[in-house]
Amino acid sequence: METRETDVAIIGAGSAGLNARREVLRQGGEPILIESGPYGTTCARVGCMPSKLLIAAADVAHELSRANAFGLELADGFRVDGRAVMDRVRRERDRFVGFVVESTEAIPSEQWLRGRARFLGPTTLQVDDHTVVESKTVIVAAGSHPFVPPPFNKMREHMMVSDDVFELDDLPGSIAVIGTGIIALELGQAFHRLGVKVAFFNPFDELGPFTDPEVKQVVKAVLSAELTINLGSTVIDAEVVTDGIRLRWADADGGEHEDVFERVLVAAGRRPNLAGLDLEKTGLSLNEKGLPPLNPRTTQASDLPIFFAGDIDGHLPLLHEAADDGRIAGSNAALYPNVVAHIRRVPLAVAFTDPQMAMIGARYADLPEGGFAVGHVSFENQGRARVMGRNQGIGRIYADTSCCRLIGAEIFGPNVEHMAHLLAWSVQQGMSVQAALSMPFYHPVLEEGMRTAIRDLAANLQVLGGCPAEDLVETPGM
Ligand SMILES: Cc1cc2nc3c(=O)[nH]c(=O)nc-3n(C[C@H](O)[C@H](O)[C@H](O)COP(=O)(O)OP(=O)(O)OC[C@H]3O[C@@H](n4cnc5c(N)ncnc54)[C@H](O)[C@@H]3O)c2cc1C
């Protein structure tokens, strides 16, 4: 067994680990990056990028399928070439992964180790059965994995998780999607729009990330009109048959049904990769999920020289959060014991469904009772949305009643990824409702819908009289 000594041992060469390594070097520390799986990161290999590539194909198919609403006739309709779709997904995905692999492989050999790391003590790791690493500090950036609930956990080889989707050679004829969270909806809707028969199942009455009851209601109405969604359903049995998997389920009223699906995609959430890390050997007290107390502003676990970064911390499993965690952990681990609390960005999450979903700042469920006002917009009659024939959705924007500052929003609407950024930047800058309305708005754009909600907010906050902004005046035809 070889022994190596270093300043910072980093477990996981994903987005969090790679950013942590860069920061350790920037601070003058010596890192060792330990990776047990393939290089390339979850985001590039099986996450953000390939899922958006599949959705891009589905978007084009969807636009073609509604061409006649605009008076356009496709002479012979169009045909989805499933092999070509999946081929492009992989080709472009491999290009993104290639860049990451190339830069990871360029790391000098004294700064990396291949193998699975586990703790022997708070700052001692064993990597496979070949190396012991003695480090001054450790960063745990081991990521997450898809959660597979019963009865599917007994038939892993017959069902898919999101990692497997991008290896399909062709589009299947039918897919049962277990789950209705962001990953399930993004992938399931994309398959549906590419002509695959898709049915969603969830034992709970949850659809997407929203917590605002009014947004949830619109999401349910809009998505249920397009997709087959079985909320409140219980899968009783899953059986492998010659042409796929036979599912038997009870609907929300207890009625029993069965159908055969060529594929089952289990997208029922992700869990931190804690198994096998032997965290109990660090002396950290662990909660029922197996996680120690973590400070998101320092990423430090309790008061030990151990830091957690990325999906492993079970909080906001998003690429930019993983990168930020990595930078904070890298800096604090390199400068330990001088641990510094960093200011975190305003939370921002986007789901690339259609309509898109965005969560910005404080969630409705976390707003202080009696301390907030809501501004509302429906995209049904929003000018630009109607022009595009994509007039579905709702936006709800929240402000603090004591200071009239924007604090959060939940939005379901066309292309809201862009206004979600404007809102997140406004919330982070502590912008007031009046200041937001004094900003320029072009016409006709979807952001005018956001302005409608902020105007409504201004009216509800009764700041109309005190606000000099011209924009508070209703413009005809908006
Ligand atoms: C289908 C899908 C779509 C997504 N879409 C988006 C999106 O649109 N936007 C967005 O912001 N986020 C998206 N995400 C989330 C995003 O991909 C993750 O938040 C991000 O990749 C997490 O990075 P990480 O560094 O924490 O984990 P990873 O990149 O998974 O890195 C963890 C690494 O640790 C290694 N490892 C684990 N255990 C050990 C061990 N014991 N020893 C050594 N190595 C170990 C693993 O092999 C892995 O390489 C998506 C995720 C999925 C699955």
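Everything numeric in this text was worked out from a predicted model, so none of it was measured. Side chains are part of it too, since the values below use all heavy atoms of this structure and drop only hydrogens, waters and symmetry mates. Every number for a ligand or one of its atoms is a count from 1 in the order of the listing.
Considering backbone and side-chain atoms together, Lys52 places an N or O closer than 3.5 Å to an N or O of ligand 1. Polar contact check, Ala309 against ligand 1: no nitrogen or oxygen pair lies under 3.5 Å apart. Below 3.5 Å of separation, one finds no N or O of Arg45 facing any N or O of ligand 1. In terms of polar-atom proximity, Glu35 is counted as a contact of ligand 1, with an N or O under 3.5 Å from an N or O of the ligand. Here's the thing with Pro317: one of its N/O atoms is less than 3.5 angstrom from an N/O atom of ligand 1. Annotation: His320 places no N or O atom under 3.5 Å from an N or O atom of ligand 1; distance criterion only. Considering backbone and side-chain atoms together, Leu319 places an N or O closer than 3.5 Å to an N or O of ligand 1. Polar contact with ligand 1: absent for Leu187 (N/O pair, distance under 3.5 Å).
With hydrogens and angles left out, the side-chain atoms of Thr3 and Glu134 include no donor and acceptor closer than 3.5 Å.
Residue contacts with ligand 1 do not include Arg118, since none of its heavy atoms lies under 4.0 Å from the ligand. Residue contacts with ligand 1 include Val46, since one or more of its heavy atoms lies under 4.0 Å from the ligand. At least one heavy atom of Ser51 sits closer than 4.0 Å to an atom of ligand 1.
Among Pro38, Ser144, Gly326, Ala117, the residue whose heavy atom lies closest to atom 41 (N) of ligand 1 is Ala117. The option from Ser36, Gly40, Gly115 that lies nearest to atom 39 (C) of ligand 1, judged by heavy atoms, is Ser36.
The protein non-hydrogen atom at the shortest distance from atom 2 (C) of ligand 1 is Gly47 CA, 3.4 Å. Among protein heavy atoms, atom 50 (C) of ligand 1 sits closest to Cys48 N, 3.8 Å. Residue, atom and distance of the protein heavy atom nearest to atom 22 (C) of ligand 1 are Asp311 OD1, 3.2 Å. At the shortest separation from atom 53 (C) of ligand 1 among protein heavy atoms lies Arg270 NH1, 3.4 Å. In this structure, atom 27 (O) of ligand 1 lies nearest to the protein heavy atom Gly143 CA, 3.4 Å. Atom 23 (O) of ligand 1 has its closest protein heavy atom at Ala322 CB, 3.8 Å. Looking only at protein heavy atoms, the nearest one to atom 37 (C) of ligand 1 is Ala142 O, 3.1 Å. Nearest protein heavy-atom neighbour of atom 31 (O) of ligand 1: Gly14 CA, 3.2 Å.
A heavy-atom distance below 4.5 Å is not found between the side chains of Leu187 and Val177. Taking 4.5 Å as the limit, some side-chain heavy atom of Leu231 sits within range of a side-chain heavy atom of Lys220. Using a 4.5 Å cut-off on side-chain heavy atoms (C-beta onward), His342 and Arg327 make no contact.
Heavy-atom contacts of Leu277 reach the following atoms of ligand 1: 41 (N) (cutoff under 4.0 Å). Taking every heavy atom of Gly310 and a limit of under 4.0 angstrom, the matching atoms of ligand 1 come to 26 (O). Residue contact check: Ile34 has heavy atoms under 4.0 Å from atoms 43 (C), 44 (N) of ligand 1. Atom numbering of ligand 1 starts at 1 in the shown order; those under 4.0 Å from a heavy atom of Leu318 are 11 (O), 12 (N), 19 (O). Each of the atoms 17 (O), 21 (O) of ligand 1 lies under 4.0 Å from some heavy atom of Cys43. In the vicinity of Ser15, heavy-atom distances shorter than 4.0 Å reach the ligand 1 atoms 25 (O), 29 (O).
In Ala141, the part holding a heavy atom less than 4.0 Å from any atom of ligand 1 is the backbone. Contacts between Thr42 and ligand 1 below 4.0 angstrom, taking non-hydrogen atoms only, involve backbone and side chain alike. Under 4.0 angstrom from ligand 1, the non-hydrogen atoms of Ala16 come from both its backbone and its side chain.
Ring geometry, Tyr336 versus Phe307: the interplanar angle exceeds 60°, so the pair is classed perpendicular (tilted spans 30 to 60°).
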- Task: Would you check, one step at a time, whether the test side-chain contact (heavy atoms from CB on, under 4.5 Å) holds for Asp128 with Arg116?
- Result: CA-CA 5 Å; Asp128 281 353; Arg116 179 157 291 277; 3.5 Å; yes
- Report the C-alpha separation of Glu262 and Val196 in whole Å, then their side-chain angles, then the decisive distance to 0.1 Å, and conclude whether the side-chain contact (heavy atoms from CB on, under 4.5 Å) test is met. CA-CA 10 Å; Glu262 200 178 314; Val196 179; over 6 Å; no
- Task: Under the ring-ring contact (aromatic ring centres under 6.0 Å, His included) rule, what do Phe412 and Phe379 come out as? Steps first, then yes or no, please.
- Result: CA-CA 9 Å; Phe412 175 63; Phe379 285 100; 9.0 Å; no
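Under a 4.0 Å N-O distance rule, the pair Lys52/Glu186 qualifies as a salt bridge. By the 4.0 Å N-to-carboxylate-O rule, Asp205 lies too far from Lys216 to be salt-bridged with it. In summary, Arg156 and Asp164 engage in a salt bridge, as defined by a charged side-chain N under 4.0 Å from a carboxylate O. In this structure, Asp94 does not pair ionically with Arg91, as no charged nitrogen and carboxylate oxygen lie closer than 4.0 Å. Between Arg4 and Glu110 no salt bridge is recorded (no basic side-chain N to carboxylate O distance below 4.0 Å). Glu167 has no carboxylate O lying under 4.0 Å from a charged side-chain N of Arg45, or vice versa, which leaves the two without a salt bridge.
Atom CD of Gln217 has 12 or fewer heavy atoms from other residues, nucleotides or ligands within 6.0 Å. The local environment of CD in Glu417 is crowded, with over 12 non-hydrogen atoms from other residues, nucleotides or ligands closer than 6.0 Å.
Both cation-pi conditions hold for Arg114 and Tyr39: the charged atom is under 6.0 angstrom from the six-membered ring centre and inside a 45 degree cone around its axis.
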